[in-house]
Amino acid sequence: MNHATEYLETRQKLFDKYFGFLNAAQRSAVYCTEGPLLVLAGAGSGKTTVIVNRIANLVLFGRAASDKRVPDCAVELLPAMREALAHGDSNQVREVLRRCAVEPVFPYKILCITFTNKAANEFRERLYATLGEGARDIWAGTFHSVCVRLLRRYIDRIGYKNDFTIYDTDDSKRLISRILKDMNIAESILSPRHALALISHAKENDRTPEDESRDTLRDLHRSRYCEVYARYQKQLRAANALDFDDIIMLTGRLFDEQPEVLERCRSMFEYILVDEYQDTNRSQSRLVGLLAGSKRNVCVVGDDDQSIYSFRGAVIDNILDFDKEYPGAKVIRLEQNYRSVGNILKAANGIIANNADRRGKNLWTEAPDGERVHIKRFLSQAEEAAFICDEVASAVASGAKYSDFAVLYRVNALSNSLETALARRRIPYKIYGGLRFYERREIKDVLAYLSVIANPADSVRLRRIINVPRRSIGDTTIEKIVSLAEEKGATLFEIIENASGYEGLQRVAPKLERFAGLINGLRDYSSAHTLSETVRRTIEASGYIEMLAEEDDNSEDREQNVMELISSAQTYEETAEDRSLPAFLNELSLVSDIDSYDSADDAIVLMTVHAAKGLEFGTVFVPGFEEGLFPSAQSFAEGDKGLEEERRLAYVCVTRAKKRLYLLHTGTRLLYGRTETRQVSRFAGEMPPECCDHSARDGAAARTAAPSAHVSRHSESRQAFLDNIRRAETKPDSAALIPAGRRVSHPIFGQGTVLSASPMGGDVLYEIEFDNGNKKRLMGNFAKLKKLD
DNA sequence: GCTGGACATTTTTTT
DNA sequence: AATGTCCAGC
């Protein structure tokens with residue numbers, strides 16, 4: 001064997017040794033450094049590990065794992081390589097491989113885009129463990145955070161100011177509502193919600209108001225919407241604000257219009273990784289393409305079966321057509337699951353196999369089958385909640401940790417009944433989602449003050465707080481200010497500052513000027529004090545905290561939340577590089593709830609299935625596994641597409657569980673003030689029967705029928721509760737499953753034995769062998785079957 | 001300009 | 001059921 005061949009082979013073996021903790025597919029993803037790469041990573045297949053090690057490989061060894069050239073120094077390196085291969089530990093192998101490195105990549109040349117900030121931090125932490133200090137320089141963040149960083153530097157080139165503020169959905173909605181009102185468009189014609197959705201979708205496809213009106217001039221409805229969009233965009237600009245979609249869209253525009261900026265970014269990011277690619281929208285995938293340029297060093301990781309955000313513009317085609325977009329792309333499938341037990345995986349595969357629009361993938365595991373998936377029926381949600389509490393309590397009594405359990409539901413509204421049940425049983429729980437901290441009114445108000453202090457041009461935030469607490473500045477005054485501002489081409493704040501100089505404002509001028517004085521005073525204060533001091537001062541000087549104290553309900557909670565904002569400013573001060581107010585606001589505008597999820601807290605976790613993406617738990621409970629809820633009734637209207645997304649959601653949900661999974665459904669459920677009869681989700685019938693364990697808790701009613709004192713506080717709801725149970729008892733639910741082997745009787749066919757029972761779309765398909773030898777397939781709801789003993 | 005009561009609205013959610 | 005939003009009347 002010549003030296004060249006031996007060098008290449010030994011080097012390969014060293015790589016395999018160094019990355020020996022990965023499986024073959026994972027390793028090939030790590031080794032593939034050049035050109036477009038699509039990693040189809042099934043749930044629990046070690047996706048994060050692959051991304052982290054792929055980056056580590058780039059930084060440590062460059063292209064060595066795939067390079068076919070033999071360096072001049074090969075002969076000198078060989079002895080050390082042989083030695084390391086035979087006897088070396090991981091560190092030695094690493095050192096030798098470093099000497100074989102081919103153009104190792106500077107960390108700051110790597111861009112790693114994730115779905116949430118939390119994921120970005122996770123990557124950073126894990127990279128830090130392998131790479132040390134160098135890991136800091138990697139560009140890891142969400143599309144939004146990365147784009148904001150770029151825009152802060154370059155957006156002035158396309159006519160915005162670099163110190164722009166970011167509007168969240170709530171701010172955008174306020175702005176839209178006002179525009180609709182100005183245009184005299186009734187809510188019934190175009191709701192703010194709908195308008196916002198239309199605008200958002202337009203932006204997700206990089207369409208400007210002009211683009212939108214060009215194609216849709218004929219339709220009166222649409223042309224009014226175009227006008228709304230145009231005004232909205234104009235006003236954002238006047239307020240020096242960007243909404244979330246602008247952040248992406250304008251980065252694209254920046255690249256289109258400023259080739260030298262694009263060129264600079266292209267050379268800045270030599271390697272691009274995008275996680276959760278199935279949840280990107282058009283505008284985002286276009287950005288990736290622009291940045292990749294002709295080098296095309298793009299690695300996208302994702303799972304088409306876990307695409308659950310199409311309702312907000314994610315296009316599953318991005319991942320389905322990746323190799324068309326990037327011809328010659330290498331595709332690697334990660335199908336070995338390291339998370340779940342066999343039965344859970346089979347159930348998940350069974351569900352997702354019913355989708356047509358997918359690349360196809362089959363997860364497998366070396367783990368044993370484990371427990372079967374428990375599908376349980378209850379009479380009421382109170383019982384369902386009691387069951388969850390019982391299971392958790394008894395598991396914890398025998399040594400389990402609360403944090404091993406999660407309750408995942410389709411809609412936030414389901415958390416209520418669980419919350420009370422858990423609280424009553426003193427089971428520690430944490431709820432994610434619902435009303436987020438930064439979306440609370442009091443927090444948004446204080447942040448609005450801070451925003452106006454930082455950027456007085458921010459008219460949406462200004463209007464939010466100008467009369468909170470009450471300063472006797474009403475709508476009429478504000479309208480006057482707005483029209484004056486338009487007339488003079490000034491901002492609202494400029495008019496307010498000089499109110500006594502305008503005729504129509506004489507009467508309220510002192511109030512307005514006092515307000516302007518407050519804001520200006522706080523700005524001066526902030527330039528001489530720390531961030532948290534500024535926050536505290538703002539809360540006090542504005543009279544906001546006093547106002548809260550005088551409110552009747554929740555005033556204590558709200559005060560506490562506001563105080564917590566001060567401590568979050570403090571934390572920020574201790575950790576951040578840029579401790580300015582604008583930087584703090586910028587940071588806050590891009591954080592979410594799930595970012596604060598910490599699996600170390602010992603509490604059971606309650607969240608929506610969407611929020612649970614990427615997480616895993618020993619035991620998962622899914623209450624409300626019912627038709628109309630999961631899949632949601634709304635999804636039916638969208639046809640197959642809607643249903644397929646619900647199915648992917650179910651798939652995500654099932655694959656969160658490691659060892660044990662409970663899919664729970666009830667006969668009646670109280671939701672949005674209505675009590676409805678419900679049937680088990682059709683997805684229950686899509687799982688292979690042999691890996692499921694169906695049961696209906698008949699007779700369990702007695703246990704919960706006598707509600708505790710806590711419930712009977714509301715005599716009405718207690719009455720309804722009891723009524724429901726009575727109703728359910730007098731009309732035994734025909735959908736309650738009759739297990740195989742049971743004897744049944746049918747009015748026409750006589751007696752027989754159940755051969756199989758498979759739930760189907762809210763009903764059960766029975767295969768029955770009757771005593772006369774006939775085999776029949778009957779639907780449970782139609783065939784009037786009676787159970788025999 | 002403020003207040004209280006009628007009224008609707010209620011998927012999923014990051015940024 | 002619960003909550004926020006809107007509008008009429010003070």
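No experiment lies behind these values; they were computed from the predicted model shown. Residue numbers begin at 1 in each chain, while the letters A, B, ... track the order of the sequences.
- Here A:D445 does not pair with A:R440 in a salt bridge; the nearest charged N to carboxylate O distance is not below 4.0 Å.
- With distances taken from any side-chain atom of A:H610 to the nucleotides B:dT12, B:dT15, B:dG1, the minimum falls on B:dT12.
- You'll find that the side chain of A:T476 is closest to B:dG1, out of B:dT15, B:dT11, B:dG1.
- Residue A:R410 is classed as a base contact, given a heavy-atom separation below 4.0 Å to a base.
- What separates CD of A:Q634 from C1' of B:dT13 is a distance of 15 Å, to the nearest Å.
- For the OP1/OP2 pair of B:dC2 and a distance below 4.0 Å, the side-chain nitrogens and oxygens of A:N467 include at least one atom meeting the criterion.
- The interatomic distance linking A:D243 (CG) with B:dT14 (P) rounds to 17 Å, in whole Å.
- Counting non-hydrogen atoms under 4.0 angstrom, A:D279 reaches nothing in the nucleic acid.
- Considering only the side chain of A:T608, B:dT12 comes nearest among B:dT11, B:dC2, B:dT12.
- Between A:R193 and B:dT9 there is no side-chain polar atom (N or O) within less than 4.0 angstrom of OP1 or OP2.
- Minimum atom distance to the side chain of A:T116 is reached by B:dT14, of the listed B:dT14, B:dC2, B:dT11.
- With rounding to whole Å, A:R558 atom CZ is found 7 Å from C:dG4 atom P.
- Residues A:Y544 and A:E559 are not in side-chain contact: their nearest non-hydrogen atoms beyond the backbone lie 4.5 Å or more apart.
- Between A:Y651 and A:F683, the gap from one ring centroid to the other reaches at least 6.0 Å.
- Across every non-hydrogen atom of A:D243 and A:S172, the tightest pair is CB-OG, 3.7 Å.
- No side-chain heavy atom of A:V301 sits less than 4.5 Å from a side-chain heavy atom of A:E276.
- The separation between A:E276 atom CD and B:dT13 atom P is 15 Å, rounded to whole Å.
- Looking at which nucleotide of DNA chain B each of A:R470 and A:L649 is closest to, the 5′-most match is held by A:R470.
- Residues of residues 304-314 of chain A having a heavy atom closer than 4.0 Å to DNA chain B, listed by number: A:Y309, A:F311, A:R312.
- Relative orientation of the A:F625 and A:F630 rings is perpendicular, given thresholds of 30° and 60° on the angle between their planes.
- Between the CG atom of A:L196 and the P atom of B:dT9 there is a distance of 16 Å, rounded to whole Å.
- Set against B:dT15, B:dT12, B:dC2, the side chain of A:S472 has B:dC2 as its closest nucleotide.
- Note on A:D170 versus A:R464: salt bridge recorded, some NZ/NE/NH1/NH2 to OD/OE distance being below 4.0 Å.
- Put simply, the side chain of A:H665 does not reach to within 4.5 Å of the side chain of A:Q679, judged on heavy atoms.
- A donor-acceptor pair shorter than 3.5 Å cannot be found between the side chains of A:D246 and A:Y160.
- Atom CG of A:D170 and atom P of B:dT14 are 15 Å apart (whole Å).
- Look at CG on A:L414: it is 9 Å from P on B:dT12, rounded to the nearest Å.
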I'd like a table of donor-acceptor pairs (distance under 3.5 Å, sequence neighbours excluded) in which one partner is a side-chain atom from residues 632-639 of chain A, with atom names and distances.
| residue | atom | partner | partner atom | Å |
| --- | --- | --- | --- | --- |
| A:S632 | OG | A:S635 | N | 3.3 |
| A:S635 | OG | A:S632 | O | 2.6 |

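- Remark: A:N412 is not in phosphate contact with B:dT10, judged by side-chain N or O atoms under 4.0 Å from OP1 or OP2.
- Electrostatic pairing of A:R463 and A:E479 counts as a salt bridge here, judged by a charged N lying under 4.0 Å from a carboxylate O.
- Among the heavy atoms of the strands lying under 4.0 Å from A:E638 is at least one base atom, whether or not backbone atoms are also near.
- Residues from residues 140-149 of chain A lying near DNA chain B, meaning a heavy-atom separation below 4.0 Å, are A:T142, A:H144 in numerical order.
- The base of B:dT13 does not come close enough to the side chain of A:T169 for any donor and acceptor atom to sit less than 3.5 Å apart.
- C:dT5 atom C1' lies 11 Å from atom NZ of A:K173, rounded to whole Å.
- Using a 4.0 Å heavy-atom distance criterion, A:D475 is classed as a sugar-phosphate-only contact.
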